[in-house]
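Here the structure is a predicted model, which means the values were calculated and not measured. Whatever order the structure lists ligands and atoms in, that order sets their numbers, starting from 1.
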Amino acid sequence: MSAAAVPGLPTPGRCLVMGVVNVTPDSFSDGGAWFDADKAIRHGLDLVAEGADLIDVGGESTRPGAQRVSREEELRRVVPVIEALAAEGVPVSVDTMRAEVAEAAVAAGARLVNDVSGGLADPDMPRAVAAAGVPYVVMHWRGHSHDMQTRAVYGDVVREVRDELLSRVDAVLEEGVDPAMIVLDPGLGFAKHAEHNWSLLAHLDVLRDTGYPVLVGASRKRFLGRLLAGPDGTPRPFADCDDATVAVSSLVAAAGAWCVRVHRVRPNADAVRVAAALRTAAGEI
Ligand SMILES: Nc1nc2ncc(COP(=O)(O)O)nc2c(=O)[nH]1
């Protein structure tokens, strides 16, 4: 299966690398580092220099337990950063659940809308994305972060996530989104415990075989820290989970993921190129 081409986005013939720029004071793994617009812009440019194909700009933390920020504050955080990066020719995605923020981001030059709620948080989002004519990441979600882990209950997580994602796809197609613009994402860590995340990664082919490109966001997430816990059971700190993130990137890229969403770009960019060499030798791409 060749690496999918999503309209308006780079098509390097390998798994893409999406660099994360959280313009937030409280994201779980880098909260506050890039809260200042100038620092965020600089960081985005640095990630591109390290090999990022896309820069994902978000203004609202989605870590478990996070409270929402106002629409005005989210706009204030992301629009200047998106504008500046797009002006430098950087392919930018906006990580938002709000239609109005997505519209403003696209007007500022964003080329993809990354909606962790898959259109559930704001009913206006699918129509806004359809009107904007940009690619749309539909992530698996079961409600806002403040209590989402109470909904981490599955019989067969792989089948249920696939089915719930495909029903979201049906809903957004109904609203006029072009199927060629759809990207799926299993939503690792969103209403999921560690075992759910591992099952979804182990069976990524189930989402891949829907025919939609698949984005995977495992970077620095809690389930990696738990896997790498010390002898006393203390989870590895987030920022020390970049090597495990690279391992996930190489494995999911080898399994046919369209893109990985990561905080550290250079090692993950190397990992997806190794996976591409392997898939090429196997005649898969
Ligand atoms: N598509 C997508 N977007 C996301 N946005 C934020 C986070 C939370 O992680 P962060 O706080 O490090 O950005 N994870 C995802 C994800 O897994 N997939």
Side-chain angles (χ1 to χ4, degrees), residues 6 9 15-35 40 43-44 47 52 54-69 74 77-78 81 92-98 101-102 105 110 112-121 125 129 134-142 144-146 148-149 161 165 168 182-192 194 196-197 200-201 204 207 212-225 237-239 241-242 244-245 248-249 252 257-265 268:
V6 177
L9 297 178
C15 179
L16 274 69
V17 177
M18 174 190 269
V20 177
V21 176
N22 287 320
V23 192
T24 58
D26 58 347
S27 287
F28 79 90
S29 74
D30 59 6
W34 321 116
F35 193 37
H43 185 54
L47 294 182
L54 270 170
I55 297 296
D56 192 40
V57 178
E60 184 175 39
S61 173
T62 53
R63 80 187 188 298
Q67 295 304 315
R68 304 225 51 197
V69 300
E74 188 182 1
R77 292 177 181 181
V78 301
V81 176
V92 178
S93 56
V94 59
D95 187 345
T96 186
M97 295 182 269
R98 290 189 169 106
V101 174
L112 174 142
V113 174
N114 174 24
D115 178 1
V116 298
S117 79
L120 288 170
M125 177 67 97
V129 168
V134 296
Y136 183 40
V137 174
V138 174
M139 195 187 85
H140 180 262
W141 191 77
R142 282 187 172 180
H144 286 289
S145 296
H146 67 276
M148 67 182 172
Q149 293 305 86
V161 165
L165 274 175
R168 290 306 309 145
I182 298 276
V183 174
L184 300 184
D185 183 325
L188 301 180
F190 289 80
K192 296 173 189 79
H196 302 134
N197 298 325
L200 287 163
L201 288 172
L204 203 67
L207 287 189
Y212 291 106
V214 178
L215 168 63
V216 175
S219 186
R220 295 183 176 175
K221 285 190 174 172
R222 208 176 301 270
F223 74 103
L224 297 178
F238 299 125
C241 290
D242 285 322
T245 300
V248 172
S249 293
V252 300
W258 170 72
C259 184
V260 289
R261 181 180 178 276
V262 295
H263 299 82
R264 284 283 320 283
V265 165
N268 288 288

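- Between Thr96 and Glu74, the side chains place a donor N or O and an acceptor N or O closer than 3.5 Å (distance only, hydrogens not considered).
- Heavy atoms of Val216 found under 4.0 angstrom from ligand 1: none, in either backbone or side chain.
- In the vicinity of Asn114, heavy-atom distances shorter than 4.0 Å reach the ligand 1 atoms 1 (N), 2 (C), 3 (N).
- Heavy-atom proximity to Thr62, at under 4.0 Å, picks out these atoms of ligand 1: 6 (C), 7 (C), 8 (C).
- Close approach of ligand 1 to His263 is summarised as follows: ligand atoms under 4.0 Å from at least one heavy atom of the residue are 12 (O).
- For Arg63, the heavy-atom gap to ligand 1 stays at 4.0 angstrom or more.
- Across Val78 and Gly59, no two heavy atoms sit closer than the pair CG1-N, 3.3 Å.
- In terms of N/O distances under 3.5 Å, ligand 1 is not approached by Ser219.
- Take His140 and apply the ring pair (Phe, Tyr, Trp, His ring centres under 6.0 Å) test, not counting sequence neighbours, and it matches no residue.
- Annotation for ligand 1: atoms under 4.0 Å from non-hydrogen atoms of Val116 are 3 (N), 4 (C), 5 (N).
- Remark: Thr245 engages no residue in a side chain to side chain donor-acceptor pair (under 3.5 Å) (not counting sequence neighbours).
- Residues Ser117 and Asp115 have side chains that bring a donor and an acceptor to within less than 3.5 angstrom of each other.
- For Asn114 and Ser93, the side-chain atoms include no donor-acceptor pair closer than 3.5 Å.
- Heavy-atom proximity to Asn22, at under 4.0 Å, picks out these atoms of ligand 1: 10 (P), 11 (O), 12 (O), 13 (O).
- The atoms of ligand 1 that sit less than 4.0 Å from any heavy atom of Leu215 are 1 (N).
- Between Asn197 and Gly189, the shortest heavy-atom distance links the atoms OD1-N, 2.9 Å.
- Annotation: Lys221 places an N or O atom under 3.5 Å from an N or O atom of ligand 1; distance criterion only.
- Proximity to Met139 (heavy-atom distance under 4.0 Å) selects the following atoms of ligand 1: 2 (C), 16 (C), 18 (N).
- Proximity of a side-chain donor or acceptor of Arg261 to a complementary backbone N or O of Gly217 within less than 3.5 Å is not detected.
- The ligand atoms of ligand 1 that sit less than 4.0 angstrom from a heavy atom of Asp185 are 1 (N), 2 (C), 16 (C), 18 (N).
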